[in-house]
Amino acid sequence: MDASEVEFLAEKEMVTVIPNFSLDKVYLIGGDLGPFNPGLPVQVPLWMAINLKQRQKCRIVPPEWMDVEKLEQIRDTERREETFTPMPNPHYMELTKLLLNHASDNIPKADEIRTLVKDTWDTRIAKLRLSADSFVREQEAHAKLDNLTLMEINTISTFFTESLNHMYKLRTSLQTPEDGQTQEY
């Protein structure tokens, strides 16, 4: 899975919009949306919110966690803790990127939010690299990845799988055949 596929999955997250148009319910395979009435908040998937915003049909309400004070607290907690802490949303990075790219005019203190989320991401990726280094150095056979988001796992997955393959090959090549048996593949 690559980053664009993870972003595609994130676009299914529900966000609140305030439409400036009227429309009855919209019946989609994934569920019914609406009704849409001017000035009344309604929940829609992120992909639809971005589409409506691009057509100037709504204003996007930032998620509750997309607040400078809350993000500062999350960043500070992440820096303080040795292990990964739970994130406010499993797609926090993708949501932030998409919302700030398409609706930054609807998000107060957008630049500060971008910086705080990037700082949190950098902290988590640094922890992940340290964990991966320890994992390989200690020749572990499995790893516990609690509280990681799909994008973070996607970032390190190739390294982990290749490391495991190399470690397996090294271990099997170092084993001496017993009783004159040879290893055949």
Side-chain angles (χ1 to χ4, degrees), residues 1-15 30 45-47 49-50 62-104 107 109-178 181-185:
M1 181 176 293
D2 66 7
S4 63
E5 292 170 314
V6 176
E7 188 174 289
F8 174 78
L9 294 173
E11 289 177 350
K12 295 178 184 179
E13 288 286 315
M14 299 298 278
V15 294
L46 181 60
W47 64 265
I50 291 170
E64 189 178 300
W65 56 266
M66 200 174 277
D67 173 70
V68 171
E69 290 77 28
K70 289 179 182 175
L71 289 171
E72 283 174 343
Q73 183 181 7
I74 290 167
R75 180 202 58 199
D76 294 343
T77 303
E78 193 63 45
R79 286 179 174 171
R80 217 176 19 254
E81 296 293 322
E82 217 173 277
T83 59
F84 295 98
T85 58
M87 288 290 96
N89 185 288
H91 297 287
Y92 78 98
M93 190 64 176
E94 303 90 342
L95 287 174
T96 301
K97 178 185 168 228
L98 289 167
L99 288 173
L100 292 177
N101 285 349
H102 297 283
S104 60
I107 300 170
K109 301 180 181 178
D111 290 334
E112 288 179 60
I113 288 172
R114 187 184 314 268
T115 302
L116 287 166
V117 169
K118 180 74 170 105
D119 287 349
T120 304
W121 171 265
D122 290 344
T123 301
R124 291 174 66 84
I125 293 300
K127 276 186 194 180
L128 194 52
R129 286 189 178 129
L130 285 173
S131 297
D133 182 52
S134 172
F135 171 79
V136 172
R137 228 179 322 112
E138 296 173 16
Q139 297 182 359
E140 297 291 336
H142 66 280
K144 190 174 183 181
L145 303 174
D146 289 343
N147 297 321
L148 287 179
T149 65
L150 188 55
M151 186 64 84
E152 293 162 347
I153 292 170
N154 186 58
T155 301
I156 200 79
S157 65
T158 303
F159 171 77
F160 268 134
T161 54
E162 287 181 15
S163 296
L164 286 170
N165 284 336
H166 288 302
M167 286 170 36
Y168 173 76
K169 287 176 184 176
L170 286 171
R171 283 185 185 146
T172 55
S173 69
L174 292 176
Q175 293 175 349
T176 57
E178 297 175 14
Q181 295 175 345
T182 59
Q183 292 178 339
E184 293 182 25
Y185 295 109

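Every heavy atom of this structure was used, including side-chain atoms; hydrogens, water molecules and symmetry mates were not.
Pro90 approaches Thr149 most closely through the heavy-atom pair O-CB, 3.3 Å. The shortest heavy-atom contact between Ala49 and Val15 is CB-CG2, 3.5 Å. When all heavy atoms of Val6 and Glu94 are compared, the pair lying nearest together is CG1-OE2, 3.0 Å. Nearest heavy-atom pair across Ala3 and Asn154 is N-ND2, 3.5 Å. When every heavy atom of Ser104 is checked against every heavy atom of Ala110, the shortest pair comes out as O-CB, 4.0 Å. Met1 approaches Glu5 most closely through the heavy-atom pair CA-OE1, 2.9 Å.
With values rounded to the nearest 0.5 angstrom, Leu116 atom CG is found 9.5 Å from Ile74 atom CD1. The CH2 atom of Trp65 lies 8.5 Å from the CD1 atom of Ile113; values are rounded to the nearest 0.5 Å. Rounded to the nearest 0.5 Å, atoms CD (Glu152) and CG (Leu150) are 9.5 Å apart. A distance of 7.0 Å separates CG in Asn147 from OG1 in Thr85, rounded to the nearest 0.5 Å. The NZ atom of Lys97 lies 10.5 Å from the CZ atom of Arg114; values are rounded to the nearest 0.5 Å. Rounding to the nearest 0.5 angstrom, the gap separating the CZ atom in Arg124 from the CD1 atom in Ile156 is 13.0 Å.
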For the pair Leu46 and Lys12, evaluate side-chain contact (heavy atoms from CB on, under 4.5 Å) and give the outcome as yes or no after the intermediate values.
CA-CA 6 Å; Leu46 181 60; Lys12 295 178 184 179; over 6 Å; no
If you apply the rule side-chain contact (heavy atoms from CB on, under 4.5 Å), what do you find for Leu128 with Phe84, and how did you get there?
CA-CA 9 Å; Leu128 194 52; Phe84 295 98; 4.0 Å; yes
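Annotation: side chain of Phe8 is not in contact with side chain of Trp47 (no heavy-atom distance under 4.5 Å). In this structure, the side chains of Thr120 and Met87 come closer than 4.5 Å at one or more pairs of heavy atoms. Between Val117 and Tyr92 the shortest side-chain heavy-atom distance falls below 4.5 Å. Taking the side chain as every heavy atom from C-beta outward, Leu98 and Asn101 never approach each other to under 4.5 Å. At a threshold of 4.5 Å between non-hydrogen side-chain atoms, the residues Pro45 and Glu13 do not count as touching.
Lys118 and Asp122 are joined by a salt bridge, as a carboxylate oxygen and a charged side-chain nitrogen come within less than 4.0 angstrom of each other. Salt bridge status for Glu78 with Lys127: present, with a side-chain N to carboxylate O gap under 4.0 Å.
Side chain to side chain, Ser134 and Glu138 meet the donor-acceptor criterion of an N or O pair below 3.5 Å. Under the 3.5 Å distance criterion, with hydrogens and angles disregarded, no donor-acceptor pair is assigned to the side chains of Glu112 and Thr115.
Identified under the salt bridge (charged side-chain N to carboxylate O under 4.0 Å, His left out) test for residues 66-75, with sequence neighbours left out: Glu64-Lys70, Arg75-Asp119. Counting only residues at least two apart or in different chains, salt bridge (charged side-chain N to carboxylate O under 4.0 Å, His left out) contacts with residues 155-170 are absent.
When the shell of 6.0 Å around CZ of Arg129 is examined, it contains 12 or fewer heavy atoms from other residues, nucleotides or ligands.
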